[in-house]
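The figures that follow rest on heavy atoms only: side chains count, while hydrogens, waters and symmetry mates do not. Proteins get letters first, then strands, A, B, ... in listed order; numbering begins at 1 in each. Bear in mind the structure is a predicted one, so any value in this text is a computation, not a measurement.
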2 protein chains.
Amino acid sequence: MSLDHVLLGALREPASGYELKQRFDTVFRHFWPAEQSQIYRTLQRLESAGWVAGRQAASARGPRRRVYSTTARGLAQLRRWLAQGPIVGDDRHAFVAQVLFLHELDDAAAARDFLAALHSEFAARLAELEAVEARWRTDDPRCPDGLAGADFYAHLTLTLGLAKYRAIAEWAARERGRAEARLPTRGTRARTR
Amino acid sequence: MSLDHVLLGALREPASGYELKQRFDTVFRHFWPAEQSQIYRTLQRLESAGWVAGRQAASARGPRRRVYSTTARGLAQLRRWLAQGPIVGDDRHAFVAQVLFLHELDDAAAARDFLAALHSEFAARLAELEAVEARWRTDDPRCPDGLAGADFYAHLTLTLGLAKYRAIAEWAARERGRAEARLPTRGTRARTR
DNA sequence: CACTGCATGTAACCTGTTACATGATTTC
DNA sequence: GAAATCATGTAACAGGTTACATGCAGTG
């Protein structure tokens with residue numbers, strides 16, 4: 001139940017369900033997306049378990065808010081989760097299945113376009129993370145190597161995203177090229193096989 | 001509903017639920033794992049939709065089997081799915097959340113060990129795929145560049161897995177080194193912060 | 001007064017996991 | 001005759017998604 005632990009980690013700094021949703025949509029989304037309905041539901045469950053505590057708070061604008069934070073028991077639970085070692089689990093990537101079955105399209109140009117679209121997608125994700133890193137470097141002179149505490153680990157997740165998206169974008173560009181090379185030359189039939 | 005389409009693609013070659021489970025555990029597992037119970041349940045739904053057809057078949061050993069194959073309507077559905085372009089969707093990787101919250105362990109040596117464990121995990125996955133590729137090369141002299149038809153696309157999924165696992169394993173090795181360098185030297189207090 | 005942003009929640013549904021249940025045939 | 005392998009299915013539950021419902025406060 002990783003959502004539980006992402007919330008436990010996030011709530012070391014107190015936040016409302018609404019604020020959590022925003023953090024999910026910006027940072028956590030990259031490795032554990034969650035919908036608002038699921039966040040509120042899970043918060044309730046974690047509170048009955050005694051892992052987070054909620055309290056009523058006033059709001060600068062808008063209705064009253066309910067602010068949660070991780071309890072001592074919640075923190076102990078989070079530490080156990082971290083101490084058990086990496087939870088790697090399975091990948092679930094529909095696009096890889098699509099690549100595997102691309103042959104069923106029986107259309108080498110469409111396959112090449114498919115790989116080109118994959119390249120745009122991952123190049124865009126890479127550019128997004130590169131922008132985040134560039135901003136960080138200009139905002140904080142200690143950025144890559146002087147980072148301490150929680151920032152050091154946050155930066156690690158950034159370099160992982162960078163490495164992964166870079167590898168996939170390069171793969172897509174390379175394979176798009178190989179697919180291009182297989183295309184029938186002009187003047188011959190457009191279909192393969 | 002990607003499981004539907006993975007089954008549609010797999011059943012271009014007729015197979016029983018049991019055989020499909022084996023293919024999931026060897027090949028499809030790398031991008032779309034599925035349990036036996038889910039496979040049988042989905043097969044029933046796809047059959048009512050008219051996308052696959054099942055027929056009774058004799059079995060060399062063991063009880064009677066039910067062999068399914070993709071129908072013309074199922075193939076049309078599969079092609080529509082491929083033609084709509086890559087479905088990239090979200091990543092859900094608990095270990096990245098763990099890295100982000102590693103600071104809560106407040107133990108730099110444990111964090112270094114965590115990264116070392118990640119490195120072993122991904123190095124092992126990489127080695128597994130490298131072995132698959134090596135076997136393919138020795139079995140088929142056309143292997144990397146002369147591959148045609150469905151094999152060309154199957155090889156693409158292999159090079160993707162190779163690129164991705166290589167990138168992650170290299171990241172883990174590099175960051176393990178950086179974490180090592182931050183360790184307090186012998187004789188000083190063992191805890192960071 | 002309409003719209004936007006803040007804020008919290010519920011209901012129905014779909015997908016995926018775990019556990020259980022059954023039975024045939026072959027090999028030791 | 002016990003164990004392994006072939007083979008198919010169901011039930012209960014957990015986790016995640018989509019859609020809906022409600023209401024406050026400030027801005028134009």
Side-chain angles (χ1 to χ4, degrees), chain A residues 1-8 11 14-26 28-29 31-49 52-68 81 87-94 97, chain B residues 1-8 11 14-26 28-29 31-49 52-68 81 87-94 97:
Chain A
M1 278 179 293
S2 294
L3 178 59
D4 294 26
H5 297 93
V6 176
L7 287 172
L8 255 19
L11 290 174
S16 67
Y18 187 84
E19 287 168 324
L20 284 167
K21 173 58 176 161
Q22 291 171 313
R23 294 201 67 194
F24 271 89
D25 288 347
T26 49
F28 305 148
R29 161 177 68 93
F31 49 81
W32 205 273
E35 295 304 321
Q36 180 252 54
S37 59
Q38 207 188 348
I39 293 169
Y40 281 103
R41 189 215 265 156
T42 306
L43 244 17
Q44 286 167 7
R45 185 162 46 76
L46 295 180
E47 187 166 27
S48 351
V52 304
R55 61 194 152 74
Q56 220 60 228
S59 147
R61 70 188 59 210
R64 89 286 170 203
R65 36 206 305 268
R66 194 167 170 77
V67 174
Y68 295 88
W81 183 68
I87 298 169
V88 178
D90 297 307
D91 288 344
R92 221 174 267 276
H93 296 309
Chain B
M1 279 179 294
S2 294
L3 178 60
D4 294 26
H5 297 93
V6 175
L7 287 172
L8 255 18
L11 289 174
S16 68
Y18 187 85
E19 288 168 323
L20 285 167
K21 173 58 176 159
Q22 292 172 312
R23 293 201 66 194
F24 271 89
D25 288 348
T26 49
F28 305 147
R29 161 177 71 92
F31 49 83
W32 205 272
E35 296 303 322
Q36 180 251 54
S37 59
Q38 207 189 347
I39 293 168
Y40 281 103
R41 187 214 266 157
T42 306
L43 245 16
Q44 286 167 7
R45 185 164 44 77
L46 294 180
E47 187 165 30
S48 347
V52 305
R55 62 195 149 73
Q56 220 59 230
S59 148
R61 71 189 58 207
R64 87 289 171 204
R65 35 208 303 271
R66 193 164 171 78
V67 173
Y68 294 88
W81 183 69
I87 298 169
V88 178
D90 298 306
D91 286 346
R92 220 173 266 275
H93 296 308

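Remark: Y40(B) is in phosphate contact with dT8(D), judged by side-chain N or O atoms under 4.0 Å from OP1 or OP2. Side-chain N/O atoms of Y18(A) include none lying less than 4.0 angstrom from OP1 or OP2 on dT8(C). Side-chain nitrogen and oxygen atoms of R65(A) include at least one within less than 4.0 Å of the OP1 or OP2 phosphate oxygen of dA7(C). Note on R41(B): every side-chain N or O is 4.0 Å or more away from OP1 and OP2 of dC14(C).
Not a single side-chain hydrogen bond (donor to acceptor under 3.5 Å, both in side chains) links R23(A) to another residue, sequence neighbours left out. Partners of R41(B) under the salt bridge (charged side-chain N to carboxylate O under 4.0 Å, His left out) rule, at least two apart in sequence or in another chain, do not exist in this structure. Legend: residues meeting side-chain hydrogen bond (donor to acceptor under 3.5 Å, both in side chains) with D25(B), ordered by chain and number and at least two apart, are K21(B). Looking at residues two or more places apart in sequence or on another chain, you find a salt bridge (charged side-chain N to carboxylate O under 4.0 Å, His left out) between D91(B) and K164(A). The side-chain hydrogen bond (donor to acceptor under 3.5 Å, both in side chains) test applied to E35(A) returns no partner, not counting sequence neighbours.
What separates CD of Q44(A) from P of dG15(D) is a distance of 15 Å, to the nearest Å. Here the P atom of nucleotide dG16(C) and the CZ atom of F31(B) are 14 Å apart, to the nearest Å. As a whole-Å value, the separation of K21(A) NZ from dG16(D) C1' is 12 Å. As rounded to whole Å, 14 Å separates atom C1' of dT17(D) from atom CG of D25(A). The CD1 atom of I39(A) sits 16 Å away from the C1' atom of dT10(C) (whole-angstrom rounding). Atom CZ of F24(B) is separated from atom P of dT8(D) by 15 Å (rounded to the nearest Å). In this structure, R45(A) atom CZ and dG15(D) atom P are separated by 6 Å, rounded to whole Å. Nucleotide dA7(D) holds its P atom 14 Å from the CZ atom of R55(B), rounded to whole Å.
With dT8(C), dT8(D), dG16(D) as the candidates, the nucleotide lying closest to the side chain of R66(B) is dT8(D). When distances are taken from the side chain of M1(B) to each of dT10(C), dT15(C), dT8(C), the shortest belongs to dT15(C).
Of the residues near DNA chain D, R92(B) and Y68(B), the one whose nearest nucleotide (by heavy atom distance) lies more toward the 5' end is Y68(B). Where E19(B) and A34(A) meet DNA chain D, the nucleotide closest to each residue was compared, and E19(B) sits on the side nearer the 5' end.
Contact annotation: the side chain of P14(B) approaches that of R55(B) to within less than 4.5 Å [non-hydrogen atoms, C-beta and beyond].
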Listed pairs, N/O of protein and of nucleotides 18-20 of chain C, under 3.5 Å:
{"from": "dT18(C)", "atom 1": "O4", "to": "S37(B)", "atom 2": "OG", "distance (Å)": "2.6"}

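Taking the six-membered ring where the residue is Trp, H93(A) and H93(B) present perpendicular rings, their angle passing 60° and hence far from 30°.
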